[in-house]
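The basis for the numbers below is simple: all heavy atoms, side chains too, and nothing from hydrogens, waters or symmetry mates. Chain naming here is simple, since letters A, B, ... match the order of the sequence lines and numbering starts at 1 in each.
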2 protein chains.
Amino acid sequence: MQTSASTSSGSVATNETERLISSEKVVGTPVYNRAGEHLGSVHSLMLDKFSGQVAYAVMSFGGFLGIGESYHPLPWRVLTYDVRQGGYVVDLDRQRLEGAPSFTANETPDWGDRSFGHRIDDYYGVSPYTF
Amino acid sequence: MQTSASTSSGSVATNETERLISSEKVVGTPVYNRAGEHLGSVHSLMLDKFSGQVAYAVMSFGGFLGIGESYHPLPWRVLTYDVRQGGYVVDLDRQRLEGAPSFTANETPDWGDRSFGHRIDDYYGVSPYTF
């Protein structure tokens with residue numbers, strides 16, 4: 001699995017272009033805040049299975065080697081890719097992230113319950129994801 | 001990495017809902033044709049990094065344990081998820097797939113060249129993917 005966001009590796013030519021990027025490359029990409037602090041990395045993406053639209057990027061946050069990690073779904077729109085840092089930038093500090101809707105590896109987020117998604121959208125101040 | 005498309009495993013409740021599905025679950029999902037023949041599986045997704053729209057699902061096809069495999073990008077719209085088979089169904093036979101735009105593990109598809117994408121869209125008879 002490709003986890004590097006380096007722009008100098010050979011695989012980038014294969015997987016990344018001006019507009020298109022491979023899911024292999026998105027997963028594992030670090031997430032920073034505007035102060036340049038490393039917050040976590042992209043763990044997975046939640047897609048609309050009919051339209052193929054990414055609704056949420058699930059960010060892993062905290063923990064050590066996967067233990068104690070929590071998963072924070074972020075609306076796709078709040079992530080901005082920064083070429084210089086080789087990662088996504090979000091306008092969030094740790095504290096705000098700690099209070100965000102999240103789940104642990106042992107929990108089952110109820111994606112089927114629309115209010116879960118709406119709670120995420122609300123928290124980050126984006127318009128609700130509509131299907 | 002989740003590679004099963006089973007609808008009875010516990011992880012499905014976590015990763016799949018009526019509308020949303022985890023990228024972890026899409027990658028590795030088998031692809032069948034309308035005759036029920038197994039063609040390959042989803043290797044990765046090519047996303048529009050700005051809009052978050054999945055443009056192509058890259059299907060691995062042929063080979064054995066990753067050796068001799070070729071990668072066939074399919075427009076997302078030609079894939080239909082079939083709950084009964086636990087996989088995606090495409091209206092293609094092997095012969096048509098063999099003649100489709102593809103690349104090998106050692107090749108670099110030029111995603112930056114729009115004509116590559118247009119060639120894929122043309123081949124499968126869908127309107128060109130626009131950015």
Heavy-atom nearest pair, A/Ser44 first then B/Ser22, reads CB-OG, 3.8 Å
Membership question, hydrophobic clusters at under 4.5 Å side-chain separation (ILVMFWY): are B/Val89 and B/Val126 in the same one?
no
Is there side-chain contact between A/Leu45 and B/Leu47, with at least one heavy-atom pair below 4.5 Å?
yes
Return the set of residues passing ring pair (Phe, Tyr, Trp, His ring centres under 6.0 Å) with A/Phe116 (not counting sequence neighbours), or none when no residue passes.
A/Trp111
Do B/Val90 and B/Leu97 sit in the same hydrophobic cluster, where Ile, Leu, Val, Met, Phe, Trp and Tyr count as joined when their side-chain heavy atoms come under 4.5 Å apart?
yes
With distance as the sole test, does A/Gln53 use its side chain to make a donor-acceptor pair with the main-chain N or O of B/Ser51 at under 3.5 Å?
yes
B/Tyr32 and B/Leu92: same hydrophobic cluster, using ILVMFWY side-chain contacts below 4.5 Å?
no
Look up atom CD in B/Glu24 and atom OG in A/Ser23, then write down how far apart they are to the nearest 0.5 Å.
11.0 Å
Here the pair of heavy atoms bringing A/Leu20 nearest to B/Lys49 is O-CE, 4.3 Å
Identify the heavy atoms of A/Trp76 and B/Phe50 that sit nearest to each other, and give their distance.
NE1-O, 3.3 Å
